[in-house]
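Quick notes on the structure that follows.
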Amino acid sequence: MSTGQDFETLPRVWLVEIRRLASDERLTQGTPPGWYAFSASPASPDLATELEGNEKYYVDYISMVAEENGEAVVSASVIPMRQNVRGHVVPLAGLAGVASMPHVRRRGLVRQVLNELLGQVRDSGFVVSAQYPFRPSFYDRFGYVGVPKARIARFNPADLTYLQRAELPGEVTWGPMGEGYDDYRALALEILPRRHGFSVLPDSRDVYARDKNVKWLATARVDGKVVGAVAYTITGHGGTLQADDLLFTTPLGRALLLQFLARHTDQVGEVSVRIAPDEHPELWATDLAVRVETDVTYPVGPAPMARVLSMEGLRGMAVGSGHVSVEIVDDPYIAGKYVLDGTSGALDITTGGDPTVTLNAAGFSGLVYGVLDPADVGLRGFGHVPTDSAPELAGLFPRQVPYFFARF
Ligand SMILES: CC(C)(COP(=O)(O)OP(=O)(O)OC[C@H]1O[C@@H](n2cnc3c(N)ncnc32)[C@H](O)[C@@H]1OP(=O)(O)O)[C@@H](O)C(=O)NCCC(=O)NCCS
């Protein structure tokens, strides 16, 4: 006869359902694992109000949860972004808010949710995915490869004195981000098709910066056209002017912004400004003493990671003139045999071939993003590139430094 005691010792049966949330369910079902993982807790009542108020910035997010007995225990979202990959602007799945409740960790639920989420967004047309990892080895398993983090340049604005009185054929206007936001957004969208790796958030999420309105914005114009902009805050008199990315479309745009920063001499002791990883501030001016740094830390302060989700979506991307067959292995989204041809200058892909090159998703993604040399592939454990195929592959995917702009 069964007793209460026997019942207690029976293994518990967990009913897990993985499903995509409707947008009106996000706040109630999608946020609890994220709240617990990313906020100070126990949460103050203000946090609930704040999250509710911010929900309008997340309307376009694609969110997936694992529910156990009806309660969300894992959540993950994709932000529908756009990114320039070798001159080709494609839909980018920005992975965010990946979290599981502590009592279900290390049971493989996050792996299942991410596989389902990435599979669904790949099927709906997303070509690449990127995220800021808490620990890259976790995302290695999902085919992501590391890409460079933007640099920070630090200098004393007094070193740019020569620029203070220079007559430059343009002007800089200054004001709160809330007022200048439209021009700032338009500038980012203008840079998008021009710069490898440049990525932008969807409109619904991007306007957060306008609505929060907690930064100054300096906007450079020539003949009325915006040629540069930088958002910033100032810590105090004698302190630091902390600037976000120095965005510009022309050298004159950059010079106008640097002149504006130079005019903070004696007001602040230091300017810190975020720059593309291949920008060289030591070339900005004679006698400029500058420190360029990047500080990669985990779980906060990571360098981004990215991967290819769809081979089809890469067709037409600007590449070098190589012709090579590759086999991509161990991946749910892009595994297969392909012939990659760049003789026209635009990537053509056909399936099949008789490849001697073997790559996993991270190895292939590293070549596409321009951050790996074929010789790195074997050294990093991302596949095997025979010596005679390496020059073809390097010719097809020349090294290029991607500049990931949008942070999320
Ligand atoms: C990170 C986190 C989401 C992992 O959740 P989890 O439930 O343990 O994940 P899973 O059980 O599905 O593990 C998936 C894989 O990652 C591995 N993994 C888990 N944590 C890891 C870690 N810290 N470092 C490296 N690998 C890890 C697992 O071993 C497993 O590998 P396998 O499939 O080869 O066995 C969870 O610990 C968490 O919510 N942390 C706090 C929030 C956070 O940091 N989120 C990440 C934001 S980028």
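Just so you know, these numbers use all the heavy atoms, side chains as well, and skip hydrogens, waters and symmetry mates. Along the sequence shown, residues carry numbers from 1. Both ligands and their constituent atoms are indexed starting at 1 by order of listing.
Shown in contact with A37 at under 4.0 Å from a heavy atom are these atoms of ligand 1, numbered in order with element: 41 (C), 42 (C).
Side-chain contact of D183 with T219: a donor-acceptor pair under 3.5 Å is absent, judged by distance alone. Counting only N and O atoms by type, the side chains of D206 and Y181 include a donor and acceptor under 3.5 Å apart. If you check the side chains of Q120 and E116, you find a donor sitting under 3.5 Å from an acceptor.
Contact of the E279 side chain with the Y403 side chain is not registered, since no non-hydrogen atoms from C-beta on lie closer than 4.5 Å. Residues D159 and D287 fail the side-chain proximity criterion, which asks for heavy atoms closer than 4.5 Å.
Salt bridge R195/D278: present, at least one basic N to carboxylate O contact under 4.0 Å. Between D244 and R407, none of the side-chain N atoms (NZ, or NE/NH1/NH2) sits under 4.0 Å from a carboxylate O, so this pair counts as no salt bridge. Under a 4.0 Å N-O distance rule, the pair E55/R26 qualifies as a salt bridge.
When heavy-atom distances to ligand 1 are checked against a 4.0 Å cut-off, R107 comes that close only through its backbone atoms N, CA, C and O. By the criterion of a heavy-atom distance under 4.0 Å, the backbone of L109, and not its side chain, is placed next to ligand 1. Only the side chain of R135 comes within 4.0 Å of ligand 1, judged by heavy-atom distances. Contacts of Y132 with ligand 1, taken as heavy-atom pairs under 4.0 Å, involve the backbone alone.
Close N/O approach between V110 and ligand 1 is found [any backbone or side-chain N/O within under 3.5 Å]. Checking only distances, G108 does come within under 3.5 Å of ligand 1, N or O to N or O.
The closest protein non-hydrogen atom to atom 25 (C) of ligand 1 is S137 OG, 3.6 Å. Looking only at heavy atoms of the protein, atom 33 (O) of ligand 1 is closest to R111 NE, 2.6 Å. In this structure, the protein non-hydrogen atom closest to atom 47 (C) of ligand 1 is V98 O, 3.7 Å.
Nearest residue to atom 2 (C) of ligand 1 from S100, G34, P102 is S100 (criterion: closest heavy atom). One option in R141, R106, R105 has a heavy atom closer to atom 34 (O) of ligand 1 than any other, and that option is R141. Between F134, Y139, F138, it is F138 that holds the heavy atom closest to atom 15 (C) of ligand 1.
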Donor-acceptor pairs under 3.5 Å, side chain of residues 307-321 to any protein atom, not counting sequence neighbours: which ones?
from : atom 1 : to   : atom 2 : distance (Å)
R307 : NH1    : F142 : O      : 2.8
R307 : NH1    : D331 : OD1    : 2.9
R307 : NH2    : D331 : OD1    : 3.3
R307 : NH2    : D331 : OD2    : 2.8
S310 : OG     : E312 : N      : 3.4
S310 : OG     : G313 : N      : 3.0
E312 : OE1    : R315 : NH1    : 2.8
E312 : OE2    : R315 : NH1    : 2.8
R315 : NE     : I349 : O      : 3.3
R315 : NH2    : I349 : O      : 2.4

